[in-house]
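As structure tokens, the structure follows; a few thoughts come after it.
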Number of protein chains: 2
Amino acid sequence: MPGINEVAELAGVSTATVSRALSGNGHVSAATRERVISAASELGYVVSSNASSLATGRTKNVGVVIPVLNQWFYSSVLQGAESALLANGYDLTLYNLGGGADERRSVFEHFLLRKRVDAVIAVSLELTAGETTRLLDMNKPIVGVGGPLPGVRTLSIDDVAIARLATEHLLSLGHTTIAHIGGNKEYERDFHLPTNRRVGYESALEAAGIPVDPELFQTADFTMRGGYQAAKQLFGNPRKRPTAVFAASDEMAIGTILAARDLGLEVPEDVSVIGIDDHDLSDFFGLSTVAQFPELQGRLAVEILMDQLHPSRRTQGTLNTSLPYELIVRSSTARVSNRRR
Amino acid sequence: MPGINEVAELAGVSTATVSRALSGNGHVSAATRERVISAASELGYVVSSNASSLATGRTKNVGVVIPVLNQWFYSSVLQGAESALLANGYDLTLYNLGGGADERRSVFEHFLLRKRVDAVIAVSLELTAGETTRLLDMNKPIVGVGGPLPGVRTLSIDDVAIARLATEHLLSLGHTTIAHIGGNKEYERDFHLPTNRRVGYESALEAAGIPVDPELFQTADFTMRGGYQAAKQLFGNPRKRPTAVFAASDEMAIGTILAARDLGLEVPEDVSVIGIDDHDLSDFFGLSTVAQFPELQGRLAVEILMDQLHPSRRTQGTLNTSLPYELIVRSSTARVSNRRR
DNA sequence: CTGAAAGCGCTTACAG
DNA sequence: CTGAAAGCGCTTACAG
């Protein structure tokens, strides 16, 4: 492995000049730059990032802390962040922080803080005040994805508004018996996502003058199977079968479609179904949904970070950025039918 | 940010001793160690990984190169690798190398080789001889997951055997008109996966004395939708409808189940379906399959790497390690029924 | 068991 | 525009 000295020697200049020519910091005559560059490529030289980081204090590396990897939403955020980071010349160091407080403390202490990263993207992670302070004290920008974090720039989506929009879509089609499959309390820690979506659903109903009926509410674990089971409960109710179901995620909504089919109900003739996400599979199932764009979320997080890392091009925004969402109507929702009753 | 000097001062020892006490390399008296450790924690000291790496030449960081992030198989491999790496005290730097040769060269030149990582896990990536040589020359262990790489330790699965097993399962249930939905050529680059699975299917048929019929073969893109469409073709064939379908992935197999339902065929009464993977959704759909264990694959890759990184605990294995697989019979396969013909 | 000092491979004021 | 030299924060022979 050739070092900077060898390049300097071959090019007939000092190591300082090599550093300047290759990094673009500081002036170097065009001719010299040429010589340096060709010497470097001849030797196959590539700077040692450790040495460079130690000297400059910058690592060109961003830590991404994410609770799960193999779920559509999270892996999409990760994908978006990765490609944006790569485009900006940054590496991505991955910290999968599913578990308990211990694992988490360990990651913070032993990894994040080792000056290994210039900044942190925290996905769906509620940092404690101490953790935030510590990172900020070190002058490491943080951006949170998924919910507001005190004192930290965040990207978040208006879950109440999304849920209201989905429900209003059903209302506008004439439905009045609209059930909701929400998330378990287990998912409450993610910035009260289940509650927010439920609140959006209820507020839409109330605005339409329709009383909220606890019989039309079920919870599940955001999976297809969970949605399927919850939907069976709903559809099986002999005295109050919903004509429409709003599920808090597309996977649960797909489970709902499958449950309807298994009960001999047709979608959307007998029951309309809408979800939230615009999951990979939703188009295939013809599912109407409110799209959130996780890849975009990852990309936006990187953009915000770059602004903070390179204050020159700083566009100074607000502390919290709202994420876009969009109603996508496919074939799982339709006007309430006469076939019913 | 306190440095090692401050810890040394507070503990009343030299920086050398601090380093030794904290890292565990070299002898330090118990009393001194105590003092150092409490001084360090009092100051909130944590070593700078850059400085440490520069001095030792080791980064405690492993690069994982992976073609896609948001697909079940790959994200599961990643998850397995991540947790195993974390457990071993290593960081994971992620390189998502979907694209073209350019992006790829760029990653190699500008990232991997910057001495940022101690080792590389290459998932489903055919490295060129040059790339392999270069990494090996730098003394960076590599382990490939997904297929044999010349001169590199690899983990691979016997796709021919898996496909044969799946097909034999159908044969043993009395099926003789068995269709296969294989992968597109587009996926051939992944170590000829589609071809290998097709070969396994055909060899099982031949061993059973059943001629291979091109009318019973379709290709798709490994997605549910692709499987659905291919299955419709198969089931729609008026003169040769299969009684069983072996799909080269679970997502395609699930698509097949849905296609059957939409045509009014019952699974498994009218048609048996088997896939490969044991995807997250397979249990929910009652899909019989041959499981491969991607998380385990990620974990094993890390183990092999650790053996090479820490030759002390070297268990010196062969160059290529075969991955386990297992037939899982659920409710999508059954004895060929009398209802047919 | 412990310390003084060299060295890891860069970058960047400071001079010129 | 370019070079000599200090410094980034550790680790580790080398002595003792």
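This one's a predicted model, so the numbers in the text were calculated from it and none came from an experiment. By convention in this document, chain letters (A, B, ...) are assigned in the order of the sequence lines, proteins followed by strands, and residues within each chain are numbered from 1.
If you check every strand for non-hydrogen atoms under 4.0 Å, A:Val18 touches nothing. Note on B:Ser53: nothing from the nucleic acid sits closer than 4.0 angstrom, heavy atoms only. Nucleic acid contact class of A:Arg58 (heavy atoms, under 4.0 Å, all strands): sugar-phosphate only.
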Verdict with supporting geometry, B:Lys60 and B:Asp118, salt bridge (charged side-chain N to carboxylate O under 4.0 Å, His left out): CA-CA 6 Å; B:Lys60 288 288 228 169; B:Asp118 289 339; over 6 Å; no
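Between the side chain of B:Asn70 and the backbone N or O of A:Ser76 there is no donor-acceptor pair closer than 3.5 Å. Distance alone, capped at 3.5 Å, is enough to place a donor-acceptor pair between the B:Thr56 side chain and the B:Arg58 backbone.
To the nearest 0.5 angstrom, A:Arg33 atom CZ is 13.0 Å from A:Ser38 atom OG. For the atom pair CD (B:Glu82) and OH (A:Tyr95), the distance works out to 9.0 Å, reported to the nearest 0.5 Å.
For DNA chain C, the outermost nucleotides in 5' to 3' order that have an atom under 4.0 Å from a heavy atom of chain A are C:dG9 to C:dA13.
Positionally, the nearest nucleotide of DNA chain D for B:Asn50 lies more toward the 5' end than for the other of B:Arg20 and B:Asn50. Both A:Gly12 and B:Ala16 lie near DNA chain D, and the one whose nearest nucleotide falls closer to the 5' end is A:Gly12.
Nearest heavy-atom pair across B:Ile142 and B:Gln308 is O-OE1, 4.1 Å.
In this structure C:dG3 sits in a base pair with D:dC14, meeting the Watson-Crick or G-U test at under 3.5 Å.
When the C1' atom is used for both C:dG16 and C:dT12, the distance is 16 Å, rounded to whole Å.
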